[in-house]
*Asks:* 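Take this structure, written in structure tokens, and hold onto it; I'll ask about it next.
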2 protein chains.
Amino acid sequence: MTTKTNSTLTERQEQRRRRILQVSAHLANRGGFEAVHMREVAELSGVALGTLYRYFPSKVHLLVAIMQEQLQQMHERLRRRPPDAGDPAAAVAETLTRAFRGMQREPRLAEAMVRALTFADRSVSAEVDTVSRLTTAIVLDAMGLTGPPTAEQLSVVRVIEHTWHSTLIAWLSGRASIAQVTVDIETVCRLVTPSRPNP
Amino acid sequence: MTTKTNSTLTERQEQRRRRILQVSAHLANRGGFEAVHMREVAELSGVALGTLYRYFPSKVHLLVAIMQEQLQQMHERLRRRPPDAGDPAAAVAETLTRAFRGMQREPRLAEAMVRALTFADRSVSAEVDTVSRLTTAIVLDAMGLTGPPTAEQLSVVRVIEHTWHSTLIAWLSGRASIAQVTVDIETVCRLVTPSRPNP
DNA sequence: CCCCAGGTTGGAACACGTTTCAGATTCGGG
DNA sequence: CCCGAATCTGAAACGTGTTCCAACCTGGGG
């Protein structure tokens with residue numbers, strides 16, 4: 001046996017994958033999480049249902065993969081044009097606020113991705129972890145760290161991420177206003193300023 | 001017609017409701033969110049499926065109602081025996097850590113409730129709001145506020161709540177350790193200490 | 001050129017949340 | 001005790017995510 005069980009996808013496979021993601025994002029964009037029907041995704045992607053499930057073992061996997069893509073694009077965008085704020089806290093806040101504005105443009109897509117992310121169970125933990133690492137990288141970038149982050153800083157970033165996801169959920173399900181989201185982001189970002197009075 | 005369309009439940013109805021919640025909590029406790037099957041809940045509660053849906057319009061409603069109950073109990077418990085920490089931040093942290101220990105005792109039930117809470121869509125927003133208010137009340141209590149909270153304080157409490165839910169999700173789906181959860185709770189609780197150096 | 005391992009297809013089937021409905025039961029006022 | 005309205009029951013049926021499978025296709029090794 002030669003390299004047949006290769007993790008590299010053939011050209012057609014790569015195209016299939018891309019088409020699936022594209023179609024799914026389109027459906028998510030109109031109608032959100034519940035409007036993404038696996039049968040419809042398969043059909044519009046020109047792929048059998050079984051094949052769809054071979055590429056993405058569940059609807060949640062699929063939507064998390066979309067979020068992964070979006071985050072990668074955003075990461076690049078931010079690298080190209082980083083926030084210009086002065087202190088790290090403001091920079092992180094501006095980064096997240098910018099991301100939030102992006103979501104306001106496509107709220108249903110955002111809802112689909114975030115719902116999938118927080119609804120994901122153990123079987124998706126690897127993919128969710130990837131998303132988490134990407135988000136962490138973005139925030140750390142915004143903080144303009146020099147050298148590896150401390151444990152304290154990692155915890156702070158995690159807290160920021162938690163707040164980010166959860167406040168988005170509240171906003172997307174109509175329980176929080178845009179203003180509230182913005183304020184909460186700024187509030188939590190204050191944590192990055194290491195101004196704790198050590199008694 | 002006299003007051004028949006009354007929001008007061010009759011005795012039997014109250015019992016039914018209680019029975020349903022009890023059975024659901026039991027099922028959630030073994031197996032978590034996905035192990036709560038509406039048909040089984042109905043059967044074990046001695047109630048027709050249609051009736052179950054009259055009491056709780058969806059599985060998410062049902063599980064959120066359970067969380068509501070648990071929070072009420074916890075609130076009373078905390079009133080009876082408040083945390084003894086010195087400063088507000090430590091008190092909030094201890095309160096949440098105590099709640100976390102409770103969840104470690106019944107992780108699957110916790111998973112069911114928290115998953116339902118974060119997966120809830122607009123149709124459950126009223127109930128989720130109630131849960132949110134309860135949580136807010138608990139945290140504000142722990143802070144030992146004198147007088148009504150400021151907008152700033154409310155935002156802080158919201159951020160704490162966000163972190164609380166989201167870190168729980170991460171723990172329950174195996175992506176965060178107990179230590180991480182604890183550290184993150186303490187980190188976010190530091191926000192309640194208004195020690196920001198105003199430059 | 002042939003062959004085979006693995007991928008793809010079409011479609012049926014299953015699981016579970018949710019809806020629906022006609023008939024039986026319960027409730028509270030008269 | 002009787003009545004009408006609301007509620008409950010039992011069961012079927014629907015929608016959608018997920019699984020399964022037999023037949024077909026593809027791509028690379030011999």
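Heavy-atom basis, side chains included; hydrogens, waters and symmetry copies ignored. The chains referred to below are lettered A, B, ... by the order of the sequence lines, with proteins before strands, and numbering in each begins at 1.
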*Asks:* If you only use heavy atoms from C-beta on, which nucleotide in C/dT26, D/dT18, C/dT9 is closest to the side chain of A/Lys59?
*Replies:*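 So the side chain of A/Lys59 is nearest to D/dT18.
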*Asks:* If each of A/Phe33 and A/Gly50 is mapped to the nucleotide of DNA chain D with the nearest heavy atom, which maps nearer the 5' terminus, i.e. the 5' end?
*Replies:*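 Closer to the 5' end of DNA chain D: A/Phe33.
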*Asks:* Of A/Thr51 and B/Glu34, whose closest DNA chain C nucleotide lies nearer the 5' terminus?
*Replies:* A/Thr51
*Asks:* Once you apply a heavy-atom cut-off of 4.0 Å, does A/Val36 come out as touching a base, just sugar-phosphate, or nothing?
*Replies:*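 Sugar-phosphate only.
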*Asks:* Let me know the distance between CG of A/Leu62 and C1' of D/dT16, rounded to the nearest Å.
*Replies:* 15 Å
*Asks:* Report yes if at least one side-chain N or O of A/Arg12 is closer than 4.0 Å to OP1 or OP2 of D/dT26; otherwise report no.
*Replies:* no
*Asks:* Over how many whole Å does the gap from B/Met38 atom CE to C/dT20 atom C1' extend?
*Replies:*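 Rounded to the whole Å, the gap is 16 Å.
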*Asks:* If only side-chain N and O atoms of A/Gln13 are considered, is one of them under 4.0 Å from the OP1 or OP2 phosphate oxygen of C/dT8?
*Replies:* yes
*Asks:* Rounded to whole angstrom units, what separation is found between the CG atom of A/Asp121 and the C1' atom of D/dT18?
*Replies:* 13 Å
*Asks:* Using 30° and 60° as the class boundaries, would you call the ring planes of A/Phe119 and B/Phe119 parallel, tilted or perpendicular?
*Replies:*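 Ring orientation of A/Phe119 relative to B/Phe119: parallel.
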*Asks:* Please confirm whether any donor atom in the side chain of A/Arg39 sits under 3.5 Å from an acceptor in the base of D/dT18, or the reverse.
*Replies:* yes
*Asks:* Please report the closest heavy-atom contact between B/Tyr53 and B/Ser58, naming both atoms and the distance.
*Replies:*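 So the two residues come closest at CE2-CA, 4.2 Å.
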*Asks:* Let me know the distance between NE2 of B/His61 and C1' of C/dT19, rounded to the nearest Å.
*Replies:* 15 Å
*Asks:* Are the side chain of A/Lys59 and the backbone N or O of A/His37 linked by a donor-acceptor pair below 3.5 Å?
*Replies:* no
*Asks:* Consider the side chain of A/Arg16, meaning its heavy atoms from C-beta on, and name the nucleotide among D/dT7, C/dT9, D/dG17 that approaches it most closely.
*Replies:*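 Closest nucleotide to the A/Arg16 side chain: C/dT9.
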*Asks:* Quick one: B/Phe56 CZ to C/dT18 P, roughly how many Å, whole number?
*Replies:*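 Value for this atom pair: 13 Å.
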*Asks:* Mind calculating the distance between CG (A/Leu27) and P (D/dT16) to the nearest angstrom?
*Replies:*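 Checked: the CG to P distance equals 12 Å.
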*Asks:* Could you work out which one of D/dT18, D/dT16, D/dT9 sits closest to the side chain of A/His37?
*Replies:*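 Of D/dT18, D/dT16, D/dT9, D/dT16 is nearest to the side chain of A/His37.
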*Asks:* Tell me whether B/Ser173 contacts the main-chain N or O of B/Ile169 through its side chain, where contact means a donor paired with an acceptor under 3.5 Å.
*Replies:*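 A pair under 3.5 Å: yes.
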*Asks:* What is the distance, to the nearest angstrom, from the CD atom on A/Glu43 to the P atom on D/dG17?
*Replies:* 13 Å
*Asks:* Between D/dG17, C/dT18, C/dG28, which one does the side chain of A/Tyr53 approach most closely?
*Replies:* D/dG17
*Asks:* Take B/Ser58 and A/Leu49, find for each the nucleotide of DNA chain C with the closest heavy atom, and name the residue whose nucleotide sits nearer the 5' end.
*Replies:* A/Leu49
*Asks:* Taking the six-membered ring of A/Tyr55, is NZ or CZ of A/Arg17 closer than 6.0 Å to its centre and within 45° of its axis?
*Replies:* no
*Asks:* In whole angstroms, how far is the P atom of C/dT20 from the CZ atom of B/Arg54?
*Replies:*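 To the nearest whole Å, that distance equals 13 Å.
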*Asks:* Taking only side-chain N and O atoms of A/Tyr55, does any of them lie within less than 4.0 angstrom of OP1 or OP2 on C/dG7?
*Replies:* no
